[in-house]
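See below for the structure under consideration.
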There are 2 protein chains.
Amino acid sequence: MTKHVLLIEDDLQMQQLISDYLDDFGYVTRAFANPKEALEHFYDDPKAYDVIILDLMLPQMDGFDVCKKIKACHDTPIIISSARGDIGNKIHGYELGVDDYLAKPYEPRELVLRIEAILRRAGRTESFQVGDFTLDTATREVTIEEYTVSLTKIEMDIFLHLLQNRSHAVSREQLIQAASLPLDTKNRTIDMHISNLRHKIGDDPKNPKYIRSLWGIGYKFIG
Amino acid sequence: MTKHVLLIEDDLQMQQLISDYLDDFGYVTRAFANPKEALEHFYDDPKAYDVIILDLMLPQMDGFDVCKKIKACHDTPIIISSARGDIGNKIHGYELGVDDYLAKPYEPRELVLRIEAILRRAGRTESFQVGDFTLDTATREVTIEEYTVSLTKIEMDIFLHLLQNRSHAVSREQLIQAASLPLDTKNRTIDMHISNLRHKIGDDPKNPKYIRSLWGIGYKFIG
DNA sequence: ATCAATTGTCAAGAAAAGTTCAAGAAGCAT
DNA sequence: ATGCTTCTTGAACTTTTCTTGACAATTGAT
């Protein structure tokens, strides 16, 4: 299931950078420089976004006000992205129900990690369907035609990443990242997880219905 | 397709380490310790490199200046590699259109991941059309009129090179280079790849629709 | 027409990448 | 601790891809 990010950031270059980066990780980002517009858009469908990234330094409106208004309407996770100088306001942020905090400048990768952490935290009891599968990220159970199996954490992470990029090639490196494994993890390890995963969802590598091996490239979920 | 990396790094040991590591992943790295020389080389052919890795702490020139000059000339992705102490300058970097950051010391593996992410972002040319064909370089699949075949890496490299030079003669030596094969590869090997390729795309050497043999010269893609 | 050079394809074996086993390590719950 | 599950990885095994010699077919030159 593709995750949607609402980005409220007035620095257009920063906006672009983050959008592109998140894009690489399979997120769909909608960005606004103007908080009023962002809020208007948010009100249209408060459940549309999985996480909101909010810059505190905004024109027209105080970032805290934006935060309050969002939280008053729907409990979408918020990550505050603010200049280092505003760090003093950190506590303040948490009081508003902010879920995480990043001081600029930060590494785009760091942001992705935070988002993932929050989504994992927030992704309670949420079960959704993709193709033949019904996945429950909370219990890590996958149901396929009346038949339910439980995946391990790593298997679930890998499965989700394959699903998020279905009909696209996914390298082992990407999967290592997606499952937050150490960077020096061997390829064999991924193969093994794929093997176990295939076994659990009843797939056959020689004649794959779901996960296809791409020689010298990685794997792909057949969409 | 081999990716080229321009490495600007004054620590020679670091330079060697990174070069070697990237080499393992199939990148061709050109390294400079001196930013002026690097820039001169860059100006020679600004499109020659797919990504530039730039150390901020350089002799003779400020890293930011290098960055600006590069970006002013051509929008090659830049990854800044800086000592942890310089992190404070990060925001400055973003303003310069830097694409990603790495704080030293870092794992070479991490660098490879960043490069791949950036190339993925930059190389969104993933799927494109040429004549009757739709090629997907990510999955190495070629579609021709509803019919899809997957090529091997070498076949894809050869096919791309033929396509890039369509209606021009291409020698076997060129194809050997294009597919990064050893220089002493026999001609028969290329013929065989061509044969397999023809078979996959449904071409007949005696009556070629796509790949024509040029006696004593090589092959050419009929445009 | 004859001949040498070049090309097409087969088939065999080498090399590379993928799959799985199995054993031990690491993590977790009781 | 103890037992259970999960994770990791080398090694064995399988499959795919690559390479190349062999030989027939084709081409161009004489």
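Below, chains carry the letters A, B, ... as their sequence lines are ordered, and counting in each starts from 1.
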Examine C:dG8: is either OP1 or OP2 under 4.0 Å from a nitrogen or oxygen in the side chain of B:Ser213? Give yes or no.
yes

Spacing between B:Lys153 atom NZ and C:dA17 atom P, to the nearest angstrom:
10 Å

Examine the side chains of B:Tyr49 and B:His41 and answer whether a donor and an acceptor come within less than 3.5 Å of each other.
yes

Rounded interatomic separation in angstrom, taking CG from A:Asn196 and P from D:dT5:
14 Å

With respect to the phosphate group of C:dT19, does any side-chain polar atom (N or O) of A:Tyr219 fall under 4.0 Å of OP1 or OP2?
yes

What is the separation between atom CD1 on A:Ile154 and atom P on D:dT6, rounded to the nearest whole Å?
11 Å

Regarding B:Ser213 and B:Arg198, is there a side-chain donor-to-acceptor distance under 3.5 Å anywhere?
yes

Distance check needed: D:dC7 P versus A:Asn187 CG, whole Å only.
18 Å

Answer yes or no: is there an ion pair linking B:Lys186 with B:Asp191, defined by an N-O contact shorter than 4.0 Å?
no

From C-beta outward on A:Met192, which listed nucleotide comes closest to its side chain: D:dT19, C:dA5, D:dT8?
D:dT8

Among C:dT9, D:dG21, D:dC18, the one nearest any side-chain atom of B:Thr152 is D:dC18

For A:Ile190, report the nucleic acid contact type (base, sugar-phosphate, nothing); a contact means any heavy atom under 4.0 Å.
nothing

For A:Arg212, report the nucleic acid contact type (base, sugar-phosphate, nothing); a contact means any heavy atom under 4.0 Å.
nothing

For the side chain of B:Trp215, counting heavy atoms from C-beta on, which of C:dT6, C:dT20, D:dT8 is nearest?
C:dT6

Distance check needed: C:dC10 P versus B:His199 NE2, whole Å only.
7 Å

A:Leu151 near the nucleic acid: base, sugar-phosphate alone, or nothing, with a heavy-atom cut-off under 4.0 Å?
nothing

Let me know the distance between CD1 of A:Ile176 and C1' of D:dT8, rounded to the nearest Å.
12 Å

Polar side chain donor-acceptor pair, B:Gln129 to B:Thr134, under 3.5 angstrom:
yes

Would you indicate what A:Leu181 reaches in the nucleic acid, counting non-hydrogen atoms under 4.0 angstrom: base, sugar-phosphate, or nothing?
sugar-phosphate

Assert: residue with more 5' nearest nucleotide on DNA chain D, out of A:Ser150 and B:Ser150, is A:Ser150

Rounded to whole Å, please give me the gap between CZ in B:Arg188 and P in D:dT26.
16 Å

Between P of C:dT20 and NZ of A:Lys206, the distance in whole Å
8 Å

Do B:Ile201 and B:Asp132 have side-chain heavy atoms sitting under 4.5 Å apart?
no

Residue B:Pro205, side-chain heavy atoms: nucleotide from D:dG28, D:dT19, C:dT9 that is nearest:
C:dT9

So do B:Glu141 and B:Ser150 actually touch side chain to side chain, heavy atoms under 4.5 Å?
yes

Hey, does the side chain of B:Thr189 come within less than 4.0 Å of D:dC18's phosphate (OP1/OP2), counting only N and O?
no

Please determine whether a side-chain nitrogen or oxygen atom of A:Ser195 lies at a distance below 4.0 Å from atom OP1 or OP2 of C:dT19.
no

